[in-house]
Amino acid sequence: MCGIIGYNGKRIDTLKILIDGLNSLEYRGYDSSGIAFKTNKINIIKSVGKVCELEKKIDSNIKTNIGIGHTRWATHGKVSELNSHPHNVGDITIVHNGIIENFKDIRNDLLKQNYKFNTETDTEVACALIDYYYKKYKDIKIALNHFEKKVRGSFALAIMVNNNDNLYAIRKNSPLIIAKNKDGNYISSDSIAVSKYSNNILYLEENVIAEISAKSVKLFNKDLKEIKPKFTKIDISKEDADKCGYAHYMLKEIHDEPRVFKNTTNQFIYNQIESLLKDMPNFTKYNNIHIVACGSAYHAGLVGKYLIEEYASIPVTVEIASEYRYKKPFYNKKTLVIVVSQSGETADTLAALRMANDDNIDTLGIVNVETSTISRESKMVIYLKAGKEIAVATTKAYLAQITVFALIALNIAIKNKTLSEKEINTILNDINKLPVYLEEIIKQDIYQIIATNIYKNDNIFLIGRGIDYALAMEGALKLKEISYINCQGYAAGELKHGTISLIEKNTPVIGILTDDNISEKTISNLEEVKSRGALIVGITNDTKINNFDYLISIPKIHKLLQPILTILPLQIISYEVAKLRKCDIDKPKNLAKSVTVE
Ligand code: F6R
């Protein structure tokens, strides 16, 4: 989603800092970009398309020490140069992430004050409102204070003011950080954009105004009293922000998965069982669990439901956050609400978390970005330890999410003694072997052959039963989002209740069969579609099953851990198909990495 970068300092190559920052924000998804900088006046340059299009318009000889930049992901108003940021009205120039919900009312009020609007955006209205208050109160901090009180919705704003050598920043429901080093101060919506310059970061709180000069960062609370800035040193690994020789971040992140699995589990299993029991929250006090998330994180929640219900016997409901936040929640004092999020900033997931917190329900965040809002606001938190994920389509964070659910189920099962000692030892042994198994799955060369045979199709189906159905849904989302093929994950037994009419000669149907108890049923469903001409691909851990057109064999491990292996071939097939279709794998069209609007 949109990205913000800003700089004020002693360097005069600010335009390079802005362009570098925008390039590193590209992974979040965007459709246009722009910068504003000061010479003897404020200049604005914008472009639709990639940041390199913007770069072509910039005279690299321009020297300036202050500027702001933005990558826009259109919400209000079409993709156009006019609608892209920065916006300027009167004395104010801004870049904005988020959505101003009451912008239409504000626009009508401002029209009466003789403001004119050139775009359909909420951002231009926000800019005009700040200008209105600035003209009224002759003080930018007072103006921003009034702005914060007036607008509803979400915003992270970097602001420049005519005849003022500072940058200003405010935010609500959308993240913003300030970083500093000896050369100056930086603003960004994402630490990755400043990781080259500084790891000394301040997370801007809501209702706080930041005044950023070339030399200092001053903060003011809602009463405009100055408060002390708190910078913290964070760890931004260079390796995470680099492709390390892989053609795409997605491929690199898939190859990261064996290491990620170790990182995720090592937090809890460093001293056999004792550590697993000691370092996790006490789940046994809950008699029901709600898992709330969006997209792939929601699919991870579905896997979590199967595992927790099967091994811990606690009923679990899994809900899409954008639905959950607006429905009547059926929780009681013994409900745990688990929110799952890679970015920790997904607007709907955050709203669901806040709803449960406000209702005094215990909440647990399962989050990758440790400095995110969901990490900070969850009453309890488990980190994924997946490292920075750059490709828009999640792979390693999803794997870490289902790993955490397996560990939660194991933790409760051990405490409630629902697993025998022998079984627990098998699981612990399998946890040790799992990274090697993941490596072996990655090394297989069957994926390209399968991709070559399915990439031209308009429809692909993935089917499975039980936990394999949850994985089929995630596999389908992965294929859809990066290869733009219409793809559906289906409960294997449900296909014949309507959808089977879409099966034609050579329609690929990928069957996932990892559970001996129900594999035979799924085989029958595959036979049904095969006899109607479908091309059958099987992913199985059962060496006896071989009646497929193409077969991907994966190692058989304890059922609690099996999904962690099974998802990998689905991610790799998606990658190979998207490659053959020449899609923009790391930055699929219309998608954003961090969805900070509803
Ligand atoms: C799909 C994907 C999305 C995210 C979803 C939630 O590959 O990445 O479906 O899973 O937008 O994002 P987070 O996990 O950041 O809350």
Side-chain angles (χ1 to χ4, degrees), residues 1 27-29 73 173-175 189-190 192 248-251 253-254 257 260 291-304 318-325 338-354 364-378 381-405 470-471 473-484 487 489 567-568 570-575 577-578 583-598:
M1 212 135 259
Y27 81 99
R28 298 169 67 91
W73 191 81
N173 290 331
S174 188
S189 49
D190 186 333
I192 199 158
H248 298 96
Y249 280 112
M250 182 176 176
L251 188 62
E253 288 160 6
I254 287 172
E257 286 179 312
V260 167
I291 300 176
V292 189
C294 302
S296 292
Y298 165 77
H299 293 154
L302 293 175
V303 171
V318 190
E319 306 245 15
I320 293 166
S322 53
E323 293 295 318
Y324 187 80
R325 63 180 291 190
I338 302 182
V339 293
V340 191
S341 177
Q342 188 287 127
S343 62
E345 301 294 349
T346 301
D348 287 314
T349 312
L350 178 60
L353 170 71
R354 286 180 172 166
L364 167 70
I366 299 180
V367 190
N368 195 33
V369 180
E370 299 186 12
T371 50
S372 63
T373 314
I374 294 181
S375 289
R376 293 200 301 271
E377 295 193 13
S378 299
V381 63
I382 293 181
Y383 296 123
L384 296 175
K385 297 281 174 200
K388 186 97 193 166
E389 193 176 62
I390 306 248
V392 165
T394 181
T395 50
K396 62 178 181 173
Y398 172 86
L399 182 124
Q401 287 161 354
I402 58 177
T403 300
V404 166
F405 278 120
L471 294 166
M473 288 169 77
E474 172 57 10
L477 179 64
K478 211 87 312 179
L479 255 170
K480 245 186 293 214
E481 66 183 322
I482 63 166
S483 70
Y484 318 142
C487 195
I567 194 58
L568 193 49
L570 293 168
Q571 295 173 344
I572 305 174
I573 291 174
S574 303
Y575 174 82
V577 168
C583 297
D584 193 350
I585 295 181
D586 285 336
K587 285 171 271 169
K589 66 171 190 250
N590 303 336
L591 289 179
K593 182 68 182 160
S594 173
V595 184
T596 47
V597 294
E598 279 196 49

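Quick caveat: nothing in here was measured; it's all calculated off a predicted structure. Just follow the structure's listing: the first ligand is 1, and inside any ligand the first atom is 1.
When side chains are defined from C-beta on, Y324 does not count as touching D348, because their heavy atoms never get closer than 4.5 Å. Residues Y249 and V392 form no side-chain contact, since every pair of their non-hydrogen atoms from C-beta on lies 4.5 Å or further apart. When side chains are defined from C-beta on, L364 does not count as touching S378, because their heavy atoms never get closer than 4.5 Å.
The one candidate from V404, L353, I366, I382 that meets the side-chain contact (heavy atoms from CB on, under 4.5 Å) condition with I338 is I366.
In terms of polar-atom proximity, Q401 is not counted as a contact of ligand 1, lacking any N or O under 3.5 Å from an N or O of the ligand.
E345 and T373 are linked by a side-chain donor-acceptor pair at a separation below 3.5 angstrom, with hydrogens and angles left out of the test.
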### Task
Carefully, step by step, assess E370 and S375 under the rule side chain to side chain donor-acceptor pair (under 3.5 Å).
CA-CA 6 Å; E370 299 186 12; S375 289; over 6 Å; no
### Message
Apply side-chain contact (heavy atoms from CB on, under 4.5 Å) to residues L479 and L477 and explain how you reach the verdict.
### Response
CA-CA 6 Å; L479 255 170; L477 179 64; over 6 Å; no
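Near A297, the atoms of ligand 1 lying under 4.0 angstrom from a non-hydrogen atom of the residue are 10 (O), 14 (O). Short contacts between ligand 1 and K478, defined as distances under 4.0 Å to a heavy atom of the residue, involve ligand atoms 1 (C), 7 (O). Ligand-side atoms of ligand 1 in range of S341: 13 (P), 14 (O), 15 (O), 16 (O), range being under 4.0 angstrom from any heavy atom. Taking a cut-off of under 4.0 Å to the non-hydrogen atoms of Q342, the atoms of ligand 1 that pass are 13 (P), 14 (O), 15 (O), 16 (O). Residue V392 approaches ligand 1 through these ligand atoms, each under 4.0 Å from one of its heavy atoms: 8 (O).
From the protein, the heavy atom lying nearest to atom 11 (O) of ligand 1 is V595 CG2, 4.1 Å. In terms of protein heavy-atom proximity, atom 7 (O) of ligand 1 is closest to E481 OE2, 2.5 Å. For atom 5 (C) of ligand 1, the closest non-hydrogen atom on the protein side is C294 O, 3.6 Å. Shortest contact from atom 12 (O) of ligand 1 to any protein heavy atom: T346 OG1, 3.5 Å.
For Y575 and H248, the distance between ring centers is under 6.0 angstrom.
Under 4.0 angstrom from ligand 1, there are no non-hydrogen atoms of N368.
The option with the heavy atom closest to atom 15 (O) of ligand 1, from among G295, A300, S343, is S343. Of all the listed residues (S372, S296, A293, A391), S296 holds the heavy atom that lies closest to atom 4 (C) of ligand 1.
By the 4.0 Å N-to-carboxylate-O rule, R354 lies close enough to E377 to be salt-bridged with it.
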